[in-house]
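All remarks here apply to the structure that follows.
Protein chains get the first letters and strands the later ones, always in sequence-line order, with residue 1 at the start of each. Only a predicted model underlies this, so the values are computations on that prediction, with no experimental measurement involved.
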There are 2 protein chains.
Amino acid sequence: MTINDIARMAGVSKGTVSRVINHNPQGVSEQTRQRILELIEEVGYIPNRVAGSITLARTKTIGLIIPDIQNMFFPQMVRGVEDCAMENGYTLFLCNSDSNIHKEQQYLRAFLEKRVDGILVNTCGELEDRSLYRSVCQSGIPMVLLDRKSRDFTDKPGVYVDNQEAAYSGVTHLIDTGCRKILFLGGPKGVYTTGERLKGYRQALREAEIPFQKEYITYGAYSTASGYERVRHIIEAYPETDAIFAGADTIAIGVLRALRELNIPVPGQVSVLGFDNIMLSADLTPTLTTVAQPIYEMGYRAARKLLALIGGDPEGAKSECMSTTLVQRESTRSR
Amino acid sequence: MTINDIARMAGVSKGTVSRVINHNPQGVSEQTRQRILELIEEVGYIPNRVAGSITLARTKTIGLIIPDIQNMFFPQMVRGVEDCAMENGYTLFLCNSDSNIHKEQQYLRAFLEKRVDGILVNTCGELEDRSLYRSVCQSGIPMVLLDRKSRDFTDKPGVYVDNQEAAYSGVTHLIDTGCRKILFLGGPKGVYTTGERLKGYRQALREAEIPFQKEYITYGAYSTASGYERVRHIIEAYPETDAIFAGADTIAIGVLRALRELNIPVPGQVSVLGFDNIMLSADLTPTLTTVAQPIYEMGYRAARKLLALIGGDPEGAKSECMSTTLVQRESTRSR
DNA sequence: CTGAAAGCGCTAACAT
DNA sequence: ATGTTAGCGCTTTCAG
């Protein structure tokens, strides 16, 4: 069933049918419009948008690449993206890169081939294949970075938070409540956010004149298991620890569990500070003090920026920095 | 940059170029193939798959509709779907319906118009618009149901677990460990899984000759907040409660939090049983006893079934029932 | 092994 | 207000 069939059945030309299925306001009388609409309804014709896309040169589709939807940080962000996309008639391709550069490139390539109208990426780091990088740029497909800056796409706008400042405020809270021996359980080494958060940690120590000890720093996946495993080793090595700054709430969940199993009271003996404020952080035992990012909003804003870019609005080309807040709960002492 | 440009630059016909970009094994000499490949690489040509899709009548795209990716049950399932899709060269459209029939229909329609090769849906219930239902069927696009049966698409295959049997085994465990006054905090009324789990609950009570009390049953969203709020009211009304069967782990998280705030020891005074075994359930305090569903695997298998259907394999038309297991942890007493 | 040509279903001028 | 027609970029016979 094609537009030709409808045209023939309705006794009009396909141009007319095209006008009505595209809700083209003028160019067709109300009467014929109704007649065609009824016919379409009756025979169950569904326009083929992929055929239309080739002439229109737009697919009403956007692509999103994230490391892993199973990481509790991402669902909210993805939802923000999807809501904005759908409100504007776009459908969303979702891809999980596992922070693997090869997968990321493979998906990027698929997006280019499928002619998405825009690309959103929470990048894993740097691209290896320069030709793909060039292709993305020369394709002219708008792209906005989400949450993490890219060493390759330095010219692309993005939506971020000030990770250093955010970490600084969190660690300062730890210090203000009497902590001195603060472990940093970071995310993966080399990842943008990890580095920025470490800078904030160091800045807070420096200002409080607490010596920086590199043994207190570890790197690992942004996962519960990674937090859990690291705590067990590290606490044994540094029993003087009085606080742990987890580079993400997912890591903090593992930290809390490990501490509970070790019978170490939180925050009695060690305070625990998270980062992100995922929905779950208020349901943990103890509830988690954390540096809140506007996760859903970041996704939504990034999508909105992308749509602006697609629509040719120069506003879309600017990066945006959203603000964070410290959410104090039970896992750290109060002043 | 189109296939014509490449053909011209290479001094061959576009048919030849088409053969090489489609990795068509035969029909072109190794020599020209190499030459064209190099040229493509050099100029950065990216084939336009949407143009190809119109003649091929396939888009290498599948659509997935779920209620809400922010519900912690779904990320794992989506990941299972995505992994299978990507392994087979398919890209995934993700849509969140909020269990809203109108959104579900809107997305279904978008899938039809965009000519996805297959549809996967965790449906919210029944379709209202029969014409859309007819369209889905007459479009011939394969569809498989995931986790929840549909009252409309009764003829479509699906991947499920035996929810009744699963709930039965969980509640029986509660009874075996001495519980008698068991609350059921179900999911939304009318949703397929909720109904089946309630049947299992009743069956377990019946076999143990424990009278069924309808006051012990409540319905609500599959969310932490819903669990949290319901417990506070209901425990006050029925202080004799010695166990709570939450219709989902997400609900159980709220239950655990509420109980903790009320200083009710778990499982000392009340046992808590969840359903799903989301990743987090092992990290809760106390760790959650729950009926485990193979969440990732269900997504993966559903996608595989869909691809079988797309490939014309009649095996794909059969529904599949996966097995559940009871995972005993700290939130219930041991025998 | 390669070229030529006829579509695929639709949109967008341009006529009428 | 409607019809006509020339593509869009690619695949696929069918020849050569």
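- Take A/Thr59 and apply the side chain to side chain contact (heavy atoms under 4.5 Å, CB included) test, not counting sequence neighbours, and it matches A/Ser53, A/Thr61, A/Arg115, A/Asp117, B/Val50.
- Looking at heavy-atom distances under 4.0 Å, B/Ser18 makes contact with a base.
- Using five terminal pairs a side, the axes of the helix from C/dC1-D/dG16 to C/dT16-D/dA1 at its two ends make an angle of 30°, given in steps of 10 degrees.
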Please evaluate residues A/Glu82 and B/Ile69 with respect to the criterion side chain to side chain contact (heavy atoms under 4.5 Å, CB included), reporting the C-alpha separation (whole Å), side-chain torsions for both, the decisive distance (0.1 Å), and the verdict. CA-CA 10 Å; A/Glu82 214 252 342; B/Ile69 190 68; over 6 Å; no
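- Within the structure, salt bridge (charged side-chain N to carboxylate O under 4.0 Å, His left out) pairs that include any residue of residues 45-58 of chain A comprise A/Arg49-B/Glu113 (at least two apart or interchain).
- Remark: nothing in residues 27-41 of chain A comes within less than 4.0 Å of DNA chain C through any heavy atom.
- Contact footprint of chain A on DNA chain D: nucleotides with an atom under 4.0 Å from a non-hydrogen protein atom, first to last in 5' to 3' order, D/dA1 to D/dG9.
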Before you tell me yes or no, could you show the steps for B/Met77 and B/Asn122 under side chain to side chain contact (heavy atoms under 4.5 Å, CB included), namely the whole-Å CA-CA distance, both residues' side-chain angles and the distance that decides it to 0.1 Å? CA-CA 10 Å; B/Met77 204 178 80; B/Asn122 183 284; 4.2 Å; yes
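- Looking at residues two or more places apart in sequence or on another chain, you find no side-chain hydrogen bond (donor to acceptor under 3.5 Å, both in side chains) involving B/Arg33.
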In residues 86-95 of chain A, what donor-acceptor pairs under 3.5 Å come from side-chain atoms, sequence neighbours left out?
| from | atom 1 | to | atom 2 | distance (Å) |
| --- | --- | --- | --- | --- |
| A/Glu87 | OE1 | A/Tyr300 | OH | 2.4 |
| A/Asn88 | ND2 | A/Cys84 | O | 2.7 |
| A/Thr91 | OG1 | B/Lys114 | NZ | 2.6 |

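- Remark: B/Met322 engages B/Val159, B/Val161, B/Pro294, B/Glu297, B/Met298, B/Arg301 in a side chain to side chain contact (heavy atoms under 4.5 Å, CB included) (not counting sequence neighbours).
- You can see that DNA chain C meets the heavy atoms of chain A within a 4.0 Å-exclusive cut from C/dG9 to C/dA12, reading 5' to 3'.
- A/Thr123 has its side chain out of reach of A/Asp152: every pair of non-hydrogen atoms, C-beta onward, lies at least 4.5 Å apart.
- With rounding to the nearest 0.5 angstrom, the CG atom of A/Leu306 is 10.0 Å from the CG atom of A/Leu64.
- Counting non-hydrogen atoms under 4.0 angstrom, B/Val12 reaches the backbone sugars and phosphates but no base.
- At a threshold of 4.5 Å between non-hydrogen side-chain atoms, the residues A/Ser150 and A/Met143 do not count as touching.
- For residues 38-78 of chain B, the set of pairs meeting the ring pair (Phe, Tyr, Trp, His ring centres under 6.0 Å) definition, not counting sequence neighbours, is empty.
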Walk me through whether A/Leu146 and A/Val121 qualify under side chain to side chain contact (heavy atoms under 4.5 Å, CB included). CA-CA 6 Å; A/Leu146 233 177; A/Val121 27; over 6 Å; no
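- Of the residues in residues 45-53 of chain A, none has a non-hydrogen atom less than 4.0 angstrom from any atom of DNA chain D.
- Between the side chain of A/Thr55 and the backbone N or O of A/Gly52 there is at least one donor-acceptor pair closer than 3.5 Å.
- Side-chain atoms of A/Lys305 come within 3.5 Å of backbone atoms of A/Lys318 as a donor-acceptor pair (strictly under, hydrogens ignored).
- For A/Lys103, the side-chain hydrogen bond (donor to acceptor under 3.5 Å, both in side chains) criterion is met by A/Asp98, not counting sequence neighbours.
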